[in-house]
Amino acid sequence: EVQLVESGGGLAQPGGSLRLSCAASGFTLDTYTVAWFRQAPGKERRWVSFINGSGGSRYYSDSVKGRFTISRDNDKSTVYLEMNSLKPEDTAVYYCATVKSTRFIPSYYQRKSSYNYWGQGTLVTVSS
């Protein structure tokens, strides 16, 4: 069974950093695109970033570009999201999701409906 488990969330101060992890099992991760989404209280789940199977293509939403970095270690079947210069508006439950790579259309991988598998989420709170 395909499983994704997020970890690394917690409380951070504005301007601080956190590193989220998404550990995968049950499939060969290097053939899958992995994305991060987040859902703030009272809002819809929105795309944050994705990375392709090889790690060579990385995309970010405008709200996090320059502050967040997505990476993957296929030997460890893990994808990371390093979050720097955190802002209170980054507060949300962060979810990782994955789908087997089919075609390279960036907009496709920014859509929730494109992903087959989701983790349970990890809460990030940015507050002083």
Side-chain angles (χ1 to χ4, degrees):
E1 179 184 354
V2 173
Q3 288 188 303
L4 300 173
V5 179
E6 301 97 333
S7 62
L11 178 65
Q13 193 173 11
S17 299
L18 285 173
R19 189 194 193 197
L20 306 183
S21 297
C22 174
S25 62
F27 63 102
T28 303
L29 188 63
D30 62 3
T31 65
Y32 283 71
T33 293
V34 178
W36 288 95
F37 290 79
R38 66 186 182 185
Q39 188 166 20
K43 297 186 177 181
E44 64 181 347
R45 193 173 301 184
R46 295 185 174 182
W47 171 74
V48 174
S49 181
F50 76 80
I51 186 168
N52 73 340
S54 70
S57 295
R58 308 174 188 191
Y59 287 76
Y60 303 90
S61 67
D62 290 341
S63 62
V64 307
K65 188 173 180 63
R67 300 188 298 120
F68 291 10
T69 302
I70 191 169
S71 63
R72 65 192 299 159
D73 184 342
N74 289 333
D75 290 338
K76 298 177 67 174
S77 296
T78 301
V79 171
Y80 305 96
L81 185 68
E82 184 177 359
M83 306 183 295
N84 299 314
S85 301
L86 284 164
K87 303 175 181 179
E89 48 264 46
D90 294 320
T91 296
V93 176
Y94 284 71
Y95 300 88
C96 64
T98 192
V99 64
K100 189 171 179 62
S101 300
T102 55
R103 56 194 177 275
F104 191 72
I105 305 174
S107 61
Y108 176 83
Y109 295 106
Q110 297 168 20
R111 299 172 61 181
K112 297 188 294 291
S113 61
S114 297
Y115 292 87
N116 300 117
Y117 305 103
W118 294 80
Q120 81 289 343
T122 185
L123 177 63
V124 171
T125 301
V126 184
S127 176
S128 59

Less than 4.5 Å apart, side chain to side chain, heavy atoms only: is that true for Tyr80 and Arg19? yes
With sequence neighbours left out, the residues meeting side-chain contact (heavy atoms from CB on, under 4.5 Å) with Val93 are Tyr95, Leu123
CD/Gln120: more than 12 non-hydrogen atoms of other groups inside 6.0 Å: yes
To the nearest 0.5 Å, tell me how far Thr98 OG1 sits from Trp118 CH2. 10.5 Å
Just wondering, do Met83 and Arg67 contact through their side chains at under 4.5 Å, heavy atoms? no
Taking side-chain contact (heavy atoms from CB on, under 4.5 Å) as the test, write out the residues that go with Asn116, two or more places apart. Val99
Could you pull out the closest heavy-atom pair between Ser101 and Gly53, with the gap in Å? OG-N, 4.3 Å
Contact between Arg38 and Leu81 at the side-chain level, heavy atoms closer than 4.5 Å - yes or no? no
Atom pair CG (Asp30) and OG (Ser77), whose distance is rounded to the nearest 0.5 Å: 8.0 Å
Do Val34 and Tyr117 have side chains that get closer than 4.5 Å, going by heavy atoms? no
When you measure from the side chain of Arg58 to the backbone N and O of Ile70, does any donor-acceptor pair fall under 3.5 Å? yes
Using side-chain heavy atoms (C-beta onward) and a distance below 4.5 Å, is Gln110 in contact with Ser61? no
Just checking, any donor-acceptor pair under 3.5 angstrom between side chains of Thr125 and Ser127? no
Please work out whether the ring planes of Tyr115 and Phe37 are parallel, tilted or perpendicular, with thresholds of 30° and 60°. perpendicular
Just so I know, are the side chains of Ser7 and Thr122 near enough to count as touching, which here means a heavy-atom distance under 4.5 Å? no
Aromatic plane relationship, Phe104 with Phe50 - under 30° parallel, 30 to 60° tilted, over 60° perpendicular: perpendicular
Is the closest side-chain heavy-atom distance between Thr31 and Lys100 below 4.5 Å? yes
Can you list everything that forms a side-chain contact (heavy atoms from CB on, under 4.5 Å) with Asn52? Sequence neighbours excluded, please. Thr33, Ser54, Ser57
